Amino acid sequence: MAISCIKLCLVLLFFLASFTIPLDCFPDIHPKTTVALVVFGDSLFDPGNNDSIKTTTEFQANFPPYGESFFKYPTGRFCDGRVIPDFIAEYAKLNLIPPYLETHNHQLANGINFASGGAGALAETNTGLVIDLKMQLRNFKKVEKQLRMNLGKRGAQRVVSNAVYLFSIGSNDYLSPLTNNSSIFKLYSPQDYVAMVVGNITATFKEIYKKGGRKFGTLNLGPFRLFAET
Ligand SMILES: *[C@@H]1O[C@H](CO)[C@@H](O)[C@H](O)[C@H]1NC(C)=O
Ligand SMILES: *[C@@H]1O[C@H](CO)[C@@H](O)[C@H](O)[C@H]1NC(C)=O
Ligand SMILES: *[C@@H]1O[C@H](CO)[C@@H](O)[C@H](O)[C@H]1NC(C)=O
Ligand SMILES: *[C@@H]1O[C@H](CO)[C@@H](O)[C@H](O)[C@H]1NC(C)=O
């Protein structure tokens, strides 16, 4: 997993490095706008959205020692310091990407992070405790709409198509049946269950593509052997 994270970061960096856009194509709008980083996912990417979910406190990182090695206080990140998108933002010379639920005007600017600890691609995964991928997509659409109101169609389109969409999702779909109700693995063959998870992730990519998104990056999942043991 760590190795693939590093690989992904390198690929993304290469990607980000090539983002110098010929500005004279868009002489009228915000010539200094940099690329935005738009983040979806689970606890590996959550910068504190989870802290704002009021239904439960089951999956929160709002107590020490979370955050101690960098922020010096718990930020809601499931980490003693920064999470992967924070490092990618730093390398891309962006500010820290704020959690959607703490962003008052919901603008894109440098980017926005919708990730939620415990979330999966399936609505059934940790229902009620997390912002699942579909809801994250819905939140993105709200931001995109706001962007069109602020910048106009063309300006918004430019931000959306230049943005990098980064994902870490799926692990919890395979893990949560173990703690919740593993009989789901008797209802679906391994192939069908994986197809359902991947199908929902693919559907999300397509929705973002339809809005104009073109640059996607995703973390690998760790290896699983769940089905062999149930
Ligand atoms: C969000 O994540 C934190 C850290 O584990 C957890 O304490 C909190 O309960 C989670 N939020 C929700 C609504 O579960
Ligand atoms: C538990 O599993 C059931 C059946 O798949 C699902 O409907 C429910 O939302 C799950 N609950 C949680 C908390 O994951
Ligand atoms: C687990 O899920 C199965 C099928 O979704 C359901 O029939 C069963 O009642 C659930 N068990 C529990 C304890 O929730
Ligand atoms: C997405 O997941 C749901 C279960 O939450 C499933 O019924 C549906 O078929 C999946 N969609 C795709 C495109 O695989």
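We count ligands from 1, going down the list as the structure has it; atoms in each ligand are counted the same way. Quick caveat, the model's predicted, so the values are computed rather than measured.
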- Pull out every atom of ligand 2 sitting under 4.0 Å from any heavy atom of I184, numbered as shown with elements. 5 (O)

- Under 6.0 Å between ring centres, would you say that holds for F205 and Y165? no

- Message: Classify the ring geometry of Y100 against F114: parallel below 30°, tilted from 30° to 60°, perpendicular beyond 60°.
- Response: tilted

I'd like the atom pairs linking ligand 4 to the protein - N or O on both sides, separation under 3.5 Å - with distances to 0.1 Å.
from	atom 1	to	atom 2	distance (Å)
ligand 4	2 (O)	N200	OD1	3.3
ligand 4	2 (O)	N200	ND2	2.3
ligand 4	5 (O)	E124	OE1	2.7
ligand 4	5 (O)	E124	OE2	3.3
ligand 4	11 (N)	N200	ND2	3.1

- Within residues 127-141 or reaching into it, pairs that qualify as salt bridge (charged side-chain N to carboxylate O under 4.0 Å, His left out) - sequence neighbours excluded: K141-E207

- Could you give me the CA-CA distance, side-chain angles and deciding distance for N110 and L37, then say whether side-chain contact (heavy atoms from CB on, under 4.5 Å) is met? CA-CA 6 Å; N110 276 316; L37 192 56; over 6 Å; no

- Task: Could I get the full list of side chain to side chain contact (heavy atoms under 4.5 Å, CB included) partners for S69, not counting sequence neighbours?
- Result: D80

- Could you pull out all residues at least two apart from Y73 that satisfy side chain to side chain contact (heavy atoms under 4.5 Å, CB included)? F71, T75

- Message: When you compare ligand 2 with S176, is there at least one nitrogen or oxygen pair between them that comes in under 3.5 angstrom?
- Response: no

- S116 side chain to N49 side chain, donor-acceptor N/O pair below 3.5 angstrom: no

- Query: Quick check: does N126 get an N/O under 3.5 Å from an N/O on ligand 2?
  - Reply: yes

